[in-house]
Amino acid sequence: MSAFSEKDFDAKGYSKSRPSYPESFYKLIDKYHRGSRFHLVDVGCGPGTATFQLADNLNSFQEIIGTDISATMVERARNRKTEHPGKYANVSFAVSPADDFSFLVGSETTPQHCDMITAVQCAHWLDFTKFQNAVANVLRKDGTLAVWGYADPIFPEYPKLDNLLGEFTYGAKYLGPFWDPGRQVLRNLMRDLHVDTKLFTDVEERCFDSTFIRSKKHNPLLVTKTFTLKHFENYIKSWSSYHSWKKSNRDEKRDITKRFSDRVLQLYPQMTLQSRLQVVWKSFYKLGRRL
C-alpha cells in the first residue's frame with residue numbers, strides 16, 4: 001500500500017491503465033441493496049474508478065464519498081471530477097483510512113449513518129476484522145457492505161502466457177520480491193477472509209478464477225480489457241511492485257517490462273507490440289447486510 005501513497009507514484013497512469021467494472025455487477029449490487037439511499041462511502045477509492053461508476057450506476061444515492069489514505073490518489077480523483085463539470089455534484093473525496101469514518105458529519109452522535117459502504121480493490125491491504133467492526137458502527141440496519149476486486153490477469157486466447165505472466169509477476173528474478181504482504185491475500189482472491197456473520201447477514205461470497213473464466217459460465221464480475229502488448233507494458237507499470245522495482249533499479253538501462261514482452265514474442269512469433277490482446281482478470285466479491 002505504501003507505494004500508492006508516495007508522492008511520486010503515477011496516479012494518472014494508474015487510472016488510465018486499470019480496468020473498470022461491468023455494468024452487470026452494479027446491477028447485482030443495486031438489486032441486493034435494501035432500503036434508503038442517502039449516503040454511500042467508497043473506501044480505498046484510489047483515483048475514483050469505482051466511485052464514479054457507483055455514481056453512474058447507482059444514481060439514486062444522494063451523497064457518495066470516496067476516501068483513500070493516499071493524498072496523491074485523492075488529488076487525482078478530484079481532478080477527474082473537474083473533467084466532468086456538473087456531472088458528479090453528489091460525489092466528493094476525502095483523505096482518510098478505510099476504517100475511520102470520523103469525517104462523516106454527525107457520525108459521532110448518530111451511529112449507523114451510512115446506507116452502503118464499498119471497498120473496491122483495497123480490502124487485501126486492510127485489517128479485515130477491524131474494518132468490518134468500523135463499518136458496522138456506521139452502517140444502518142440492513143445497510144450494504146460490498147467488497148470486490150481483481151488480481152492476476154490471464155489471456156484467455158493464449159494459455160501459454162499464464163505461466164509466463166505468473167513467473168514474471170511473482171518470480172524471484174522479476175517482480176516477486178517487490179510486492180507488499182497484502183498481495184498474497186489478493187492473489188488468493190481473499191478466500192481466507194470472510195464477512196463476519198455476527199455483524200452481517202445474507203452473506204454472498206464468490207470467486208472467479210482462471211478455470212471459471214475459461215469455462216465461459218456467466219460471470220457478473222467479468223473484469224476485462226483489450227490491450228496492445230505495448231499498452232500491457234503500461235499496465236504493468238501501474239503495479240505497486242513495478243514502482244518499488246523502479247526505485248530499487250534506477251540505473252537499470254532496460255525496463256523490466258521489456259523482458260516480459262520479449263518472452264511473449266518468443267512464445268508467439270506472429271505477435272508484435274501492436275497486437276491486440278483480450279485480458280481478463282480473476283475476481284471476487286463479498287456482500288453482506290448489517291444485522
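Both Tyr285 and Ile29 are part of a single hydrophobic cluster, where members link through side-chain heavy atoms under 4.5 Å apart. Both Leu267 and Leu277 belong to a common hydrophobic cluster when Ile, Leu, Val, Met, Phe, Trp and Tyr are linked at side-chain heavy-atom distances under 4.5 angstrom. Hydrophobic clustering of Ile, Leu, Val, Met, Phe, Trp and Tyr side chains at less than 4.5 Å, counting indirect connections, keeps Phe38 apart from Phe103. Under the 4.5 Å side-chain heavy-atom criterion for ILVMFWY residues, a single connected hydrophobic cluster contains both Val91 and Val95. Cluster annotation: Leu186 and Ile213 are assigned to distinct hydrophobic clusters (Ile/Leu/Val/Met/Phe/Trp/Tyr, side-chain heavy-atom contacts under 4.5 Å, transitive).
Here the closest non-hydrogen pair linking Tyr174 and Arg259 is CE2-NH2, 3.5 Å. Across every non-hydrogen atom of Phe128 and Ala123, the tightest pair is CE1-CB, 4.2 Å. In terms of heavy-atom proximity, Gly46 sits nearest to Ala77 at O-CB, 3.9 Å. Here the closest non-hydrogen pair linking Leu126 and Ala98 is CD2-CB, 3.6 Å. Between Ala94 and Arg78 the shortest heavy-atom distance is CA-NH2, 3.9 Å. Between Cys122 and Gly44, the closest heavy-atom pair is SG-CA, 3.9 Å.
Under the side chain to side chain donor-acceptor pair (under 3.5 Å) rule, Tyr88 has a single partner from Thr51, Asp56, Thr82, which is Asp56. Screening Thr257, Ile236, Thr169 for a side-chain contact (heavy atoms from CB on, under 4.5 Å) involving Leu175 leaves a single residue, Ile236. Results of the ring-ring contact (aromatic ring centres under 6.0 Å, His included) test with Phe25 over Trp148, Phe284, Tyr32 single out Trp148 as the only residue that passes.
Using a distance-only test at 3.5 Å, with no hydrogens or angles considered, a donor-acceptor pair links the side chain of Asp127 to the main chain of Lys130. A donor-acceptor distance shorter than 3.5 angstrom exists from the side chain of Ser24 to the backbone of Pro220, with no hydrogens or angles considered. At least one donor-acceptor pair closer than 3.5 Å links the side chain of Ser244 to the backbone N or O of Ser240. Between the Gln184 side chain and the Trp179 main chain, no donor and acceptor come within less than 3.5 Å of each other. Between the side chain of Asp30 and the backbone N or O of Leu58 there is no donor-acceptor pair closer than 3.5 Å. At least one donor-acceptor pair closer than 3.5 Å links the side chain of Thr272 to the backbone N or O of Gln274. Of the possible donor and acceptor atoms, none in the side chain of Gln53 sits under 3.5 Å from a partner among the backbone N and O of Ser20.
Between Phe61 and His33, a ring centre-to-centre spacing shorter than 6.0 Å is recorded. Ring centers of Phe232 and Phe155: under 6.0 Å apart, within the cut-off. Aromatic pair Phe260/Trp239: centroids not less than 6.0 angstrom apart.
Counting heavy atoms from C-beta on, the side chains of Asp162 and Arg214 come closer than 4.5 Å. A 4.5 Å side-chain heavy-atom check between Tyr150 and Thr224 finds every atom pair outside the cut-off. Using a 4.5 Å cut-off on side-chain heavy atoms (C-beta onward), Phe208 and Val223 make no contact. Side-chain contact between Ile65 and Phe101 is absent, with no heavy atoms from C-beta onward closer than 4.5 Å. Looking only at side-chain heavy atoms (C-beta outward), Tyr242 and Asp255 come within less than 4.5 Å of each other. Val280 is listed as a side-chain neighbour of Leu222, based on a closest heavy-atom distance under 4.5 Å. In this structure, the side chains of Lys286 and Val203 stay at 4.5 Å or more apart for every pair of heavy atoms. A heavy-atom distance below 4.5 Å is not found between the side chains of Phe52 and His84.
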Subject >> side chain to side chain contact (heavy atoms under 4.5 Å, CB included) evaluation trace for Asp115 with Arg37 >> reply: CA-CA 6 Å; Asp115 300 292; Arg37 299 181 178 223; 5.5 Å; no
**OP:** Please test Tyr158 against Met271 for side chain to side chain contact (heavy atoms under 4.5 Å, CB included), starting from the C-alpha separation and ending with a verdict.
**Re:** CA-CA 11 Å; Tyr158 299 94; Met271 283 190 190; 3.3 Å; yes
Original post:
After noting the C-alpha distance and the side-chain angles of Thr49 and Arg80, does the key distance pass the side chain to side chain contact (heavy atoms under 4.5 Å, CB included) rule?
Top reply: CA-CA 10 Å; Thr49 301; Arg80 291 180 70 187; 3.7 Å; yes
Original post:
When you look at Leu287 and Leu28, which way does the side chain to side chain contact (heavy atoms under 4.5 Å, CB included) test go after all the steps?
Top reply: CA-CA 10 Å; Leu287 303 176; Leu28 184 152; 3.5 Å; yes
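One distance of note links CG of Leu199 with CZ of Arg290; it measures 6.0 Å at 0.5 Å rounding. Atoms CD and CG, on Gln266 and Leu164 in that order, are 9.0 Å from each other to the nearest 0.5 Å. Rounding to the nearest 0.5 Å gives a distance of 9.0 Å between CD of Glu205 and CG of Leu193. Rounding to the nearest 0.5 Å places CD1 of Ile69 at 8.0 Å from OG of Ser96. In this structure, Ile256 CD1 and Lys246 NZ are separated by 10.5 Å, a value rounded to the nearest 0.5 Å. Atom CE of Met190 is separated from atom SG of Cys207 by 9.5 Å, given to the nearest 0.5 angstrom.
Cation-pi geometry between Arg187 and Tyr170 is met: under 6.0 angstrom from the ring centre, within 45 degrees of the axis. Cation-pi geometry between Arg76 and Phe93 is not met: the NZ or CZ atom fails to fall both under 6.0 Å from the ring centre and inside 45° of the normal.
Note: Tyr21 and Tyr26 have perpendicular aromatic rings, judged against thresholds of 30 and 60 degrees for the angle between ring planes.
More than 12 heavy atoms of other residues, nucleotides or ligands lie within 6.0 Å of CD in Glu204, so this atom counts as buried by the packing criterion.
Lys230 and Glu233 are joined by a salt bridge, as a carboxylate oxygen and a charged side-chain nitrogen come within less than 4.0 angstrom of each other.
Counted by atom type alone, Arg140 and Ser36 present one or more donor-acceptor pairs between their side chains at under 3.5 Å.
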